[in-house]
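Every heavy atom of this structure was used, including side-chain atoms; hydrogens, water molecules and symmetry mates were not.
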Amino acid sequence: MSYAALSPETLPRRLGDLPALTERIGPPDGWSVAEVGDGNLNLVFIVTGAGGQIIVKQALPYIRLVGDSWPLPLNRSFFEYHALVRQSLRDPGRVPQVFHFDEAQALIVMHYLSPHVILRKSIVRGVQHPHLAQHMGRFLARNLFRGSALCLSGRVLREDMALFAANHALADISENLVFSDPYFEAKLNRHTPGLERFITPLRADRALRIAAQEAKHAFVCKTETMLHGDLHSGSLMVTPEDTQVIDPEFAIYGPFGFDVGMFMANLLLAYHAQSGHEASHGARDAYRDWLLAQLTEVWQVFASEFRHLWQTERTGNLYERSVFEDVGDSLGAQAALVNVLNGIWRDALVFCGVEMHRRILGLAHVEDLEAIPDPAARVRAEARALETGRLIATSRHSLTLGDLPVLAQDIERTIAR
């Protein structure tokens, strides 16, 4: 059957004999279908039947945010499927279960997450999630370590790199929209009116532009591990007890620090957006503190879990035990680990900075800031986030974990609410 985009009306007819659906939610004559996709790329349907609910996600042959003027390969669903399979093995229970994949129709049938909500929407409402940093720190460490040559043989790693290398269309989007477009007047850029006086000096900062291009260089050339590739607070669904990571269609091999930095950036964007959502001055101070605590804790948990995996699962062709522990040099292995973690930290910082900029100046913005009803308050919040991102990116070689909350707090006070 040739590809055709689904609709609520055509889905029961097209997928009505699919066991992945009928065995779980019942026959199609009892289905109701709602299209709920609010992202930038895909169609997402909730299919409800007598036996429950299920998700059907289908790629479109273009970027939904822009329209059919920007074609995009359907094979991104292939990479999303393969990423979900790998992530489910590397950190079981942290991604939705896949029930069916149809490459020709570019669709995935998967578990319906309920009562989960998108983390970004929860953050806009000021809801705390007590296990977020623990879940995400472990998810990042387990997937990044277990998807790298620290754990995998050279043959397995290179075969997997070859598979995901074909996801070049989505990698090209990241390479341009994240690392280059925010730093000049690119065609697809957009920003809040009134932000111009902050944008001009940002783009004039030579050290920042060099940092952004060094980050792009790393993203293109440091094929260290399989990345989620788009790990922001809109790619997480949460309850008070659970965190689920979704939408890995941007999966590609890249630097350890990329996913870490992306997630950190979205916590900082949320931090600076809080003034636009509070009912009165200071009403969300406790929530600001919680967001900064997540920023600190997610790195601490990541580093701790990465150390544990280094000690217990370092079975790949990098930093082999035969070079260290097996010849009585366990201290050498620990020294090498410190160097690796320091490198991940520096990379994460620069990726964090550029992600903060592209979410304000580029094509795809974030609800945290876009939903601020007062335009003047939005400009102030975005100005603070731009400056935080600039300082993080340009100071990445000297910043410590303890510096990040202090830096964000100082900028929050400096650019008046």
State the CG-CZ distance between L386 and R359, to the nearest 0.5 angstrom.
-> 14.0 Å
Closest non-hydrogen atoms of V350 and A211, given as atom of the first, atom of the second and distance, are CG2-O, 3.5 Å
Sequence-distant partners of E320, side-chain hydrogen bond (donor to acceptor under 3.5 Å, both in side chains), two or more places apart | none
Go through the structure and list residues passing side-chain hydrogen bond (donor to acceptor under 3.5 Å, both in side chains) with H217, not counting sequence neighbours.
-> none
Does a donor on one side chain sit under 3.5 Å from an acceptor on the other, for E313 and H308?
-> no
Any side chain to side chain donor-acceptor pair (under 3.5 Å) pairs touching residues 107-122, not counting sequence neighbours?
-> H116-D242, R120-H232, R120-S233, R120-N266, R120-D368, K121-E367, S122-H129
Option passing ring-ring contact (aromatic ring centres under 6.0 Å, His included) with F258 (candidates F250, F351, F263) = F351
Gap between atom CG of L267 and atom CG of L119 - 0.5 Å precision = 8.0 Å
Check: H100 and I108 side chains under 4.5 Å, non-hydrogen atoms | no
Under 30°, 30 to 60°, or over 60°: which ring-plane class applies to Y319 and F324, parallel, tilted or perpendicular?
-> parallel
T388 and its side chain to side chain contact (heavy atoms under 4.5 Å, CB included) partner, picked from D410, L269, I411, L404 | I411
OH of Y81: more than 12 outside heavy atoms within 6.0 angstrom?
-> no
Is a donor on one side and an acceptor on the other found under 3.5 Å between the side chain of S280 and the backbone of A283?
-> no
Any idea how F101 and F78 line up, ring-wise: parallel (<30°), tilted (30 to 60°), or perpendicular (>60°)?
-> tilted
If only atom types and distance count, is the side chain of S304 paired as donor or acceptor with the main-chain N or O of Q300 below 3.5 Å?
-> no
State, yes or no, whether a side-chain contact exists between L21 and V109 at a heavy-atom distance under 4.5 Å.
-> yes
Taking side-chain contact (heavy atoms from CB on, under 4.5 Å) as the test, write out the residues that go with R138, two or more places apart.
-> Q134, H135, R142, V301, E305
Looking at residues at least two apart in the chain, or sitting in another chain, which of them share a salt bridge (charged side-chain N to carboxylate O under 4.0 Å, His left out) with R203?
-> none
Would you say V47 and L15 make side-chain contact, with heavy atoms under 4.5 Å?
-> no
Could you go step by step and tell me if E214 and R346 meet the salt bridge (Lys or Arg N to Asp or Glu O under 4.0 Å) rule?
-> CA-CA 12 Å; E214 288 178 348; R346 287 191 301 272; over 6 Å; no
Any side-chain heavy-atom pair from H82 and V85 closer than 4.5 angstrom?
-> no
Does any donor atom in the side chain of Q53 or T48 lie under 3.5 Å from an acceptor atom in the other side chain?
-> yes
Would you call D29 and R13 a salt bridge, taking side-chain N to carboxylate O under 4.0 Å as the test?
-> no
Set of residues satisfying ring pair (Phe, Tyr, Trp, His ring centres under 6.0 Å) with respect to H228, sequence neighbours excluded = none
If you measure only the distance, is there a donor-acceptor pair under 3.5 Å linking the side chains of T243 and H131?
-> no
Going by an N to O cut-off under 4.0 Å, is there a salt bridge joining E249 and K57?
-> yes
If we ignore angles and hydrogens, is there a donor and acceptor under 3.5 Å between the side chains of R321 and T315?
-> no
Using a strict cut-off of less than 4.0 Å between a Lys/Arg side-chain nitrogen and an Asp/Glu carboxylate oxygen, indicate whether E278 and R288 qualify as a salt bridge.
-> yes
Partners of E103 by salt bridge (charged side-chain N to carboxylate O under 4.0 Å, His left out), sequence neighbours excluded?
-> none
Does a side-chain heavy-atom distance below 4.5 Å link V44 with I55?
-> yes
Looking only at non-hydrogen atoms, find the nearest pair between P255 and E224 and report the distance.
-> CA-OE1, 3.3 Å
Sequence-distant partners of R86, salt bridge (charged side-chain N to carboxylate O under 4.0 Å, His left out), two or more places apart | D160
Could you tell me whether the side chain of T296 and the main chain of A293 form a donor-acceptor pair under 3.5 Å?
-> no
Begin from the C-alpha positions of F179 and V220 and carry the test side-chain contact (heavy atoms from CB on, under 4.5 Å) through to its verdict.
-> CA-CA 11 Å; F179 299 106; V220 172; over 6 Å; no
Atom CG in L231, atom CG in N143: separation rounded to 0.5 Å?
-> 9.5 Å
Quick one: pull up OH in Y271 and CE in M356 and give me the separation to the nearest 0.5 Å.
-> 10.5 Å
Output the distance between atom CG (L144) and atom CG (L150), rounded to the nearest 0.5 Å.
-> 10.5 Å
Under the salt bridge (charged side-chain N to carboxylate O under 4.0 Å, His left out) test, which residues partner R390, sequence neighbours left out?
-> D205, E387
Aromatic ring pairing F164/Y253, orientation class (parallel under 30°, perpendicular over 60°, tilted between) = tilted
Side-chain heavy atoms of L113 within contact of T239, under 4.5 Å | no
Looking only at non-hydrogen atoms, find the nearest pair between K216 and N176 and report the distance.
-> NZ-OD1, 3.8 Å
Sub-4.5 Å side-chain heavy-atom contact between F45 and V36 | no
What residues form a ring pair (Phe, Tyr, Trp, His ring centres under 6.0 Å) with F145, not counting sequence neighbours?
-> F306
Salt bridge (Lys or Arg N to Asp or Glu O under 4.0 Å): which pairs involve residues 168-188, sequence neighbours left out?
-> none
Please answer whether the main-chain N or O of A165 pairs with a side-chain N or O of H168 as donor and acceptor at a distance below 3.5 Å.
-> no
Indicate whether the side chain of H277 and that of Y287 have a donor and an acceptor atom separated by less than 3.5 Å.
-> no
Step through the shown structure and confirm whether more than 12 heavy atoms of other residues, nucleotides or ligands are within 6.0 Å of CZ on R190.
-> yes
Partner of D403 by side chain to side chain contact (heavy atoms under 4.5 Å, CB included), out of L399, L401, V406 = L399
Spell out, as yes or no, whether a donor-acceptor pair under 3.5 Å connects the side chain of D102 to the backbone of L107.
-> no
Heavy-atom nearest pair, L369 first then A273, reads CD2-CB, 3.7 Å
Which residue pairs pass the side chain to side chain donor-acceptor pair (under 3.5 Å) test with at least one member in residues 14-24, sequence neighbours excluded?
-> R14-Q105
Spacing of I392 atom CD1 and C352 atom SG [to the nearest 0.5 Å] | 4.0 Å
Are E382 and R378 ion-paired here, with the side-chain N under 4.0 Å from a carboxylate O?
-> no
Heavy-atom side-chain contact between L292 and L268 under 4.5 Å = yes
